[in-house]
Amino acid sequence: MPDISTNLAGIKSPNPFWLASAPPTNSGYQVMKAFDAGWGGAVWKTLGVPVVNVSSRYGGLNHKDNRMVGFNNIELISDRPLKDNLREIEEVKKYFPNHAVIASLMVETKEQWHQIVKDVENAGSDGIELNFGCPHGMCERGMGSAVGQEPKVLQTIVEWVKEVSTIPVIVKLTPNISDITEPAQAAHAGGGDAISLINTIQSVIGVDIDQYVPYPIVDGQSTNGGYCGPAVKPIALNMLKNCAQHPGVDIPISGIGGIENWRDAVEFFLLGATNVQVCTAVMHYGFGIIREMIPGLERYMTEKGFETLDDFKGKALGNVKTWEHLNLEYKVKAEIKEDKCIGCQLCYIACEDGAHQAIRLSEDKENRVPEIIDENCVGCNLCSIVCPSEGCIAMVRQDDGQKVTTWNERMNSDDVPTTFNDERAGGIGHFVPEPTDALGMG
Amino acid sequence: MSEFKRPASEEEFEKNFQQQKPLMNETEAYYESSRCLFCYDAPCVKACPTEIDIPLFIRQINSGDISGSASTIYASNYMGNTCGKVCPTEVLCEGSCVYNEQNIKPVEIGRLQNHATRQAIDEGKELFELAESNGKKVAVIGAGPSGVSCACELRSLGYTVDIFETKAKPSGLSVHGVAPYKITNEEALIEMDYLKKQFGYSVRYDSPIKSKEDIQNLASTYEAVFVGIGMGTTSALNIPGEELANCKGATEFIEVLKMNHLDVAIGKSVVVLGGGNTAMDAASESARMGAESVVLAYRRRADEMGAYEFEWKLAKGVGVQGEFNAAPIGIVGNGKVEGVRFRRTENKGGKLVEVEGSEFEIACDMVIKATGQRKQVDFLSLIDGLATDEKGRIEIDAFGRCGDTKFFAGGDAVNGGAEVVNAAAEGKMAAIGIHEYLSS
Ligand SMILES: Cc1cc2nc3c(=O)[nH]c(=O)nc-3n(C[C@H](O)[C@H](O)[C@H](O)COP(=O)(O)OP(=O)(O)OC[C@H]3O[C@@H](n4cnc5c(N)ncnc54)[C@H](O)[C@@H]3O)c2cc1C
Ligand SMILES: Cc1cc2nc3c(=O)[nH]c(=O)nc-3n(C[C@H](O)[C@H](O)[C@H](O)COP(=O)(O)O)c2cc1C
Ligand code: SF4
């Protein structure tokens with residue numbers, strides 16, 4: 001059995017699956033239930049001066065029959081008095097000494113930061129997470145993402161916290177920023193022991209077209225909220241990769257955003273996360289999803305021969321390059337496996353209208369299997385992405401793999417298009433029909 | 001009824017008995033597993049006699065952890081693959097899927113189950129942890145679903161297990177009884193091969209336990225004995241003419257069909273007597289073997305039949321005709337069957353009575369009696385201290401134990417004839433009972 005215990009900047013937990021700071025960690029009751037179900041750690045719902053919330057707080061994005069592919073909330077931090085939370089943290093640690101309990105914090109003044117850090121330490125927290133991410137409600141008060149978007153302010157607050165804390169400090173970053181590595185470096189510079197990302201993305205989830213107001217509706221009105229759930233995973237992965245590759249961010253990372261099964265978690269590990277945090281999936285399905293995550297991760301590790309999480313942490317990072325270092329000689333072309341084709345012709349119309357006119361229909365009207373026009377196929381993958389039949393369209397390598405030329409190399413040898421009608425344009429030689437062919441006038 | 005021609009080759013047999021629940025391809029499994037809502041306290045789990053964690057195994061298929069999925073299934077039910085094929089899911093897991101409440105097709109749990117377990121079987125995945133040997137030996141009588149499930153659980157607890165089986169093949173009625181359109185013989189047997197390899201119990205085929213002496217030998221060689229012998233042959237109707245050629249018991253007819261496929265005698269016009277699931281199977285099978293007419297005759301009304309409604313629909317769908325309120329009073333013929341005589345019945349004040357003077361005859365050249373199976377009471381009476389109830393079912397306590405003997409029991413011999421999944425649950429329960437008994 002592989003060892004899936006983790007150590008994030010000194011915070012140990014029996015497994016890498018933590019609950020993110022959010023409603024599932026609102027109370028000791030929930031955290032205990034989660035640990036009992038198998039979760040390895042929990043970041044407590046953000047503590048500070050308790051807030052007052054509105055009623056009608058969430059909105060969901062459905063895609064066809066798939067519910068909650070995205071999720072949006074306009075909730076604030078904890079609305080429960082600090083002393084109740086502290087008592088419950090203490091209680092949880094009594095029953096689960098080996099599980100990680102992290103106190104998420106958000107306050108304003110230096111004095112408040114010093115006070116609350118001491119309070120949560122005394123309650124037995126294993127670590128602190130600074131919530132510099134909340135993109136609604138709190139930022140207008142100069143907290144949350146208002147801090148996360150100002151690296152200098154962020155660094156100062158991290159320093160305040162580090163002045164008094166004796167337990168590891170995680171800095172939770174907001175994705176509502178153009179370069180995530182800036183606040184990440186500030187977190188590092190301020191003495192932060194780790195970063196976590198991402199918090200929610202500022203969003204409007206949808207609009208009620210009869211009442212003329214976005215969701216969620218509070219007495220006929222609404223406000224922007226924070227977006228999370230499966231749909232944000234690609235954004236989180238990119239930010240994770242950016243931080244993990246950055247030499248100025250030499251501290252461990254806790255990955256968050258759209259994780260709902262073992263496979264998602266593995267993707268985060270491969271891009272450099274030390275552990276992962278989950279919110280939306282638990283709000284959708286409950287703590288029970290951990291039953292799928294742990295055995296799935298263990299089996300993956302067993303099959304790959306990994307004994308610890310460190311064996312594959314960041315293993316994909318070396319394969320993520322900037323664009324100009326990709327091999328321009330590499331060529332793939334689509335290939336349709338006739339026996340798997342169900343005749344929907346989505347690949348045809350996708351390529352025809354949305355890409356490079358490299359798929360034709362059969363002359364035989366009875367035969368619904370389209371054909372690839374090899375000369376026109378640029379290997380963009382679109383057809384294989386729209387194809388509803390598993391394994392039907394394969395992208396098959398055409399070059400012999402011997403030659404590597406990158407944009408960078410071509411730049412250095414002055415072999416790139418430089419003028420508007422340059423003969424070296426990549427598209428030269430690609431077949432493009434005459435405009436009038438579209439009207440059958442060809 | 002000309003829908004089915006008598007199959008002349010194995011291919012034609014397979015066509016006539018086309019699998020109702022064929023294996024899924026990757027796309028189908030992915031889409032279907034995506035449909036599962038991951039209900040909390042899921043009704044499907046409660047509807048499964050072995051309580052498989054269904055939402056979990058489906059989620060594992062969806063996230064690509066097929067072995068994990070098979071592991072989840074086998075952790076609750078050692079007949080995981082067989083059950084995916086043969087369980088009456090319409091009235092079990094799938095029947096309780098919450099989608100039914102919305103008139104949406106329930107998740108195809110049975111087929112998803114096969115998708116995962118079949119892959120584990122084909123790839124010989126090692127999913128089981130066996131405890132170290134505890135030096136104790138247990139004998140199992142019968143390599144049917146109950147016996148094999150008991151053996152697997154005992155092996156995982158560290159016992160050495162020897163199974164004694166009358167027949168030449170394992171799996172009991174899965175291979176000898178269940179309708180060929182539910183499961184192929186090959187499919188029933190590969191799970192047995194897989195389990196035997198994974199768990200390492202021994203099976204002695206062609207080794208019936210027959211005599212008092214055999215039983216005493218087992219009792220003195222083994223610390224405990226599990227009795228998973230299922231049921232006996234078809235009971236007699238006690239009407240004239242039963243001895244005529246072409247008057248067969250349903251389970252005997254089905255066993256020949258299952259073992260020989262093409263080489264089974266089938267009439268041109270068949271009358272099946274009975275209203276249970278076995279009667280439905282026998283009628284369907286006769287039609288699929290090319291009988292020109294098949295009449296299913298039952299003593300009571302159609303809606304009083306013991307068979308599941310979907311089984312009757314299936315039989316009707318292949319051309320079986322129903323004859324209800326018809327009590328057989330004699331089988332007529334000269335040496336061989338020429339017809340069955342019936343008397344009409346009616347319900348008088350809650351009692352079924354035969355109507356004098358209402359006799360009629362249905363001509364046929366074959367009769368299949370599907371009117372229940374005998375219990376093996378004669379054999380069971382050889383075991384001292386083992387008691388049977390008035391219906392001949394073995395009496396057990398909450399741990400599957402027979403009185404204060406070292407004998408335990410489960411499956412059809414105890415429940416009087418249920419499903420494979422019940423036998424799987426009871427065999428495993430008895431193993432836990434045996435473990436308790438031998439550990440205290
Ligand atoms: C026609 C028919 C169709 C069915 N269809 C379905 C279906 O579609 N789905 C479903 O779930 N269930 C079905 N069932 C029921 C299901 O097959 C049984 O409930 C299940 O097989 C019972 O398992 P068991 O282990 O108790 O007994 P069995 O399967 O009967 O196995 C008992 C085994 O013990 C052996 N044995 C008996 N006596 C001795 C002895 N003295 N010594 C050594 N070995 C002995 C037998 O040879 C046999 O292999 C069907 C049953 C029948 C008859
Ligand atoms: C309703 C709700 C409330 C949240 N509250 C907090 C919070 O108090 N503090 C915090 O740091 N993050 C909060 N988050 C953000 C989550 O911790 C997490 O970063 C985000 O939801 C992305 O993860 P996910 O895709 O798994 O949901 C909240 C998210 C939701 C949906
Ligand atoms: S989930 Fe539904 S029942 Fe629970 S608090 Fe929210 S609105 Fe109320």
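Each chain gets a letter, A, B and so on, in the order the sequences are listed, and its residues count up from 1.
Annotation for Lys105(B): atom NZ counts as buried by contact number, over 12 foreign heavy atoms lying within 6.0 Å. Heavy-atom neighbours of Glu129(B) CD from other residues, nucleotides or ligands within 6.0 Å: at or below the threshold of 12. Counted within 6.0 Å of CZ on Phe310(B), heavy atoms from surrounding residues, nucleotides or ligands total more than 12; the atom is thus considered enclosed. The 12-atom threshold is exceeded at CD of Gln102(B), counting heavy atoms of other residues, nucleotides or ligands nearer than 6.0 Å. With a 6.0 Å radius and a threshold of 12 heavy atoms from other residues, nucleotides or ligands, Arg67(A) has its CZ atom at or below the threshold. Annotation: Lys315(A), atom NZ; neighbour count of heavy atoms from other residues, nucleotides and ligands within 6.0 Å does not exceed 12.
Ranked by heavy-atom pairs shorter than 4.5 Å toward chain A, the options Asn25(B), Asp53(B), Thr72(B) are led by Asp53(B). Counting heavy-atom pairs closer than 4.5 Å to chain B, the top-ranked of the candidates Arg291(A), Glu260(A), Met293(A) is Arg291(A). Contact count against chain A (heavy-atom pairs under 4.5 Å) is highest for Ser67(B) among Ser67(B), Cys39(B), Gly64(B).
Arg299(A) CZ to Lys125(B) NZ: the interatomic distance, rounded to the nearest 0.5 Å, is 8.5 Å. Atoms CG and OG, on Asp65(A) and Ser34(B) in that order, are 8.5 Å from each other to the nearest 0.5 Å. Residue Lys340(A) holds its NZ atom at 7.0 Å from OG1 of Thr27(B), rounded to the nearest 0.5 Å.
Residues of residues 419-435 of chain B lying under 4.5 angstrom from chain A, judged on non-hydrogen atoms, do not exist here. Contacts with chain B (heavy atom to heavy atom, under 4.5 Å) involve these residues of residues 261-273 of chain A, listed by number: Asn261(A), Trp262(A), Arg263(A). Of residues 382-392 of chain A, those residues lying under 4.5 Å from chain B by any heavy-atom pair are Pro388(A), Ser389(A), Glu390(A). Of all residues spanning residues 302-309 of chain A, those with a heavy atom less than 4.5 Å away from chain B's heavy atoms are Glu303(A), arranged by number.
For a residue to count as touching a neighbouring chain, one of its non-hydrogen atoms must lie under 4.5 Å from one of that chain's; by this rule Phe57(B) does not touch chain A. Using a 4.5 Å cut-off between heavy atoms, Ile58(B) does not touch chain A at all.
Listed here is the closest heavy atom pair of Leu37(B) and Tyr285(A): O-CE2, 3.5 Å.
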